[in-house]
Structures are given as structure tokens and as C-alpha cells.
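Below you'll find the structure, written out as C-alpha cells, and then a few comments.
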Number of protein chains: 2
Amino acid sequence: MELSFVKERIEHAVLCKQLANIVGTCYVEYWGRAASKLPKGKRLLMIKGDGSFAIHQNRLLRPTNYMMGSTIGCELSDDTLIITASKLHPKETMKVIFYNVDDLQSYEMDEASDLRLFGSERELSDQLMQDLSFLEAGLKPLNQEEVLRKGLVDILAEDKEGRLVVIELKRRQADFNAVQQLKRYMDQVQNMKGKKTRGLLIAPEIRKNARELLEKYGLEFFAIDFEVSNPSTKIKGLQKKQKTLFEL
Amino acid sequence: MELSFVKERIEHAVLCKQLANIVGTCYVEYWGRAASKLPKGKRLLMIKGDGSFAIHQNRLLRPTNYMMGSTIGCELSDDTLIITASKLHPKETMKVIFYNVDDLQSYEMDEASDLRLFGSERELSDQLMQDLSFLEAGLKPLNQEEVLRKGLVDILAEDKEGRLVVIELKRRQADFNAVQQLKRYMDQVQNMKGKKTRGLLIAPEIRKNARELLEKYGLEFFAIDFEVSNPSTKIKGLQKKQKTLFEL
DNA sequence: GCTGGGAGAGGCTTA
DNA sequence: TAAGCCTTTCCCAGC
């Protein structure tokens, strides 16, 4: 395609906040949080109405190069079309040099609509909050998403012995990070409240090493079995995997 | 566009592992790791040769719905075209119901080429390894295969007092996680070697709360100043921000 | 295959 | 704006 024509079409699409796809042979440079060069090759550049700018190759979900909320410019130079994307905070620039453009399409799109997602951690937390006795008899909810000075506790409760119970919920296999997150919260709550405190990690499963760490810390793991059925999420079972510190 | 024609074109593109973009009005359902529904609206579906399957709206870098490495199927039903993507491990399915298709493009693409990236953590680590005296006089790199290969730490060294020094490097602002990771590794190395061990966190900056935790643990923070200049990365400065435990 | 961890993470929510 | 953190994180390197 004639590059001067492509330039006009792109400028129009950007102005009208259309979604535009440009396919052609290009070379890409990026400089900002890091720096990168992508050798000349056939790629697809997708530009969205909000300044999303992405170079795609024919594999992987994620674009090879990208920029969010960019300002876009076009210029012709030496039989090439140079498309630049740039932004501040952090300062980043990307230069895409097209040697030829095979195709250019642009589309007037709807307003984006929201995805209704089921089975998120937040939804699980809500379900669990409905009935903590699922977890342990006599457990009473104190607060959901209790804000700590550092971070957010998923659920704070009190057990039948009057001990504080800090609960961290994960929708997938728990790892080191989850364990340490819980430990951090438990320590903090214990410090703030000056009461005996337990820490519960709830997840579908836990990695072996993470579990060792958890046990070393005296935390408790509960395996949760849930189903992301329609239209919401159902907790099917909850099984205790550790004795509490106080039972040992 | 005529949906039966679209169906054939898509099947051909998938078979030939082309990159295909379908734009039209559709409704999307996903079920797998979670579940979701996306109301009817105008979207772009991008299918790549490796089974990447992504529903894009006209905002944000990331697709609204997606699946990697999927198997793709097409069928006509009641004046709609249903495109399904599915995979095992984990079992996931996605159904895209097109009520009409405005446009369909497919492209024969090159083999994807590798991005040459500068300023990655790995590259910074290599640079730092070149000259540890940048960090502290008398610091000597240790090539402790077992520790380094296991990926426990970025760099292991010995200071002039003969203490082990565990170094964790972050290319961006260090957070809680970075501090706890370092602490975990330091404990582990200390256990393995049975020697006095220091833990150094090197990052451009550190979050306030993370820093408090770091100080509580007796770890040390060094602010690194680096530049991702072309063609590689240059460390411009390195400033110690904490006294060591042993100096206190 | 599982595990660990980085990423130019992205993106959301709340202080 | 910054902090904190979840994500259908994605993706890769090791084992």
C-alpha cells in the first residue's frame, strides 16, 4: 500500500479513536523503563482508542512490544512510514518503522462493556463471609478487607476461644508469597491488638515448600473446594490440614 | 458478511496457522479457571498460529477474554457463527457467538523473531557482577553453584570480614515481597553454610513500609542508579542506605 | 509435568 | 498520586 495514504488513514483513525490494525514489515525500537530492538519482520500493530499500542507477532497472547495510553505520531521518511508512540510518567517512546504496509483496517467500535467474572478471589471471600462456620465451628466474622497500615487482610474473625483469626484466601495454588503475606498480616494484627492471633491460609492447594514454611510459622492451611458454576461461585468443601498452634 | 463464508475463511486460516482478525458483534462465554460472560457488543477476535485466542475491545492492552494454546472450532447455528476455543490442563472452553461479522482478515506471517531487550534484571546482575567494589570495598563474588543455580539469590559474595553476602537485585521499586524474598533466602543460605550472613537489597528505590520491614530484619538497602542506554545497560551509581547489623 | 520468579508486568481499588 | 495486591496474570527457565 501507498505509505502516504496509510499515514492519512492512520491519523484519521487515531483522531476518531478507532481501533486500527496495520500489518506490514517493520522494525521496532523501544526506550523507557527498559530498552529493546525488534529485528525487521512482518508484524501486526494494533492501536486502540485509548492509546493502547501493541506490536503482535504470530504467537503468544502478549504483544512483543507495547505501550499503554500513548500519544501517537506518524511521519514519512525515506520510503518508510515511522509511527511513534510516546508517553510521560514514566517517559517512554517507541518507534515503529514500516518498510511496507500490506494491510490497514480501522473500525469504529462500541463503548467497551464490562466483563462479568465469576470465581474471583473477592467473590470467594464474599461467599466464605456468608458462613464462616464452614471453616470452623464458632468462628465469628469481625471484618472483611480490614485495612492494616501495611496491606489488607481478606477476612478478620474471632474463634470461639476469643482469639483473633486472620484469614488469607487464594483462588489458586498458594505459594511462598501467599504464606509470607499471611505471616506479615498476622504479625501486624497481633502487634496492633495485643491478642493471641491465628493465621489461616485458604486455597485449593499449596505448594510443598510453601507448606513447610507455613508449618514452620505455625500457620494453618485449609483446602477449599469450589466450583465456578453459573451464575456464581459455590464453595463445595473446606478441609482443615493443620492443627492450630494452640492444639499442639 | 455471509457467515458461512466467514466460517470457511476462519477454518482455512486456522489450518494454515495464519493470524486472523474477526470484527463483529458477539457475545462471549468462558468457563475454566474462572467463568465469565461478556455482553453482546462489537469486538475484535484475534487468532494466532499457536492457538492464542483473544477478544479485544477498544481499550486496554490486555484482551477482555483470552486463551492460550487453544484448539479452535467453528459452527453455524441459527443465523449465528459460533467459534469455540478449548484446551485441557487446565480444562477451559470459550464460546464466541457472532451475530454478524463486519470484517475478517487473515495474514500469512513470518516466523516470530526474538526481541532484544536491554535493562533486564539479569543484565543488571551481570553488570554488577563485573565489579562488586561498586557496592562495597573488598566485596568478592562467590561462585557457589548450588546456591546460584537453585536460583536462591541473584549474587552471592563474601565481604572483607569473611561474611557471606546474599544480594537480591530488583530493577524497579522494591516492595514487601522483595524484602521477604531476601529474608527467606538469607535464612536459607545461613542455614546451609552455618556462617554469619548479610542480606543486601539493591533497587532503584524502596517503598516506605518495605523499608521499615527491611530494617527490622537487619537487612541493608542500596539505591542503584542505572541507565538503559544503547546497546546495553550502565550502572551510574550505588548508594548505601543502611548500616549493617554488625556496625550497629 | 511442576515449581519458582521476573515482567518494560497490567489493571483495579482505596487512601 | 502512591501503595498494595489480584490476575482466567503471562511467560520462561530449571528440574
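In what follows, chains carry the letters A, B, and so on, assigned in the order in which the sequence lines appear, proteins first and then strands, with residues in each chain numbered from 1.
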cation_pi([X], [Y]) dist<6.0 Å, angle<=45:
X	Y	value
A/Arg184	B/Phe176	yes
B/Lys40	B/Tyr27	no
A/Arg211	A/Phe221	no

Under 4.0 Å, heavy atoms only, any strand: does [X] hit a base, just the sugar-phosphate, or nothing?
X	result
A/Glu123	nothing
A/Ser36	nothing
B/Leu115	nothing

I'd like the [atom1] distance from [M] over to [N], given in whole Å.
N	M	atom1	value
C/dG6	C/dG10	C1'	14 Å
C/dA7	C/dG11	C1'	14 Å
D/dC11	D/dT7	C1'	14 Å

N/O (side chain, [X]) to phosphate O (OP1/OP2, [N]) under 4.0 Å:
X	N	value
A/Asn209	C/dG4	yes
B/Arg122	C/dG8	no
B/Arg62	D/dT8	no
B/Arg172	C/dG8	no
A/Lys208	C/dT3	no
B/Lys150	D/dG14	no
B/Gln181	C/dG4	no

What is the distance from [atom1] of [X] to [atom2] of [N], rounded to the nearest Å?
X	N	atom1	atom2	value
B/Leu60	C/dG11	CG	P	5 Å
A/Lys37	C/dG8	NZ	P	17 Å
A/Leu213	C/dT3	CG	P	15 Å
A/Glu205	C/dC2	CD	P	9 Å
A/Phe176	C/dG4	CZ	P	5 Å
B/Arg149	D/dA13	CZ	C1'	14 Å
A/Gln173	C/dG1	CD	P	14 Å
B/Glu29	D/dT8	CD	C1'	15 Å

From [options], nucleotide with atom closest to [X] side chain:
X	options	result
A/Leu117	C/dG8, C/dG11, D/dT8	D/dT8
B/Arg59	C/dC12, C/dG8, D/dC6	C/dC12
A/Arg33	C/dT3, D/dT8, C/dG8	C/dG8
B/Lys170	D/dA3, C/dG6, C/dG8	C/dG6

Between B/Lys150 and B/Glu146, is the closest basic N to carboxylate O distance under 4.0 Å?
no
Are A/Tyr66 and the base of C/dG8 stacked, counting only ring centres nearer than 5.5 Å and planes tilted under 30°?
yes
Answer yes or no as to whether C/dG8 has its base stacked against A/Tyr30, where stacking requires a ring-centre separation under 5.5 angstrom and planes under 30 degrees apart.
yes
Are any non-hydrogen side-chain atoms of A/Pro204 and A/Gln173 less than 4.5 angstrom apart?
no
If you pin B/Leu169 and A/Met68 to their nearest nucleotides in DNA chain C, which one's is more 5'?
B/Leu169
Any N or O donor-acceptor pair under 3.5 Å from the base of C/dG8 to the side chain of A/Asn65?
yes
Tell me which of B/Ile206 and A/Pro63 sits closer to the 5' end of DNA chain D, going by the nucleotide each one is nearest to.
B/Ile206
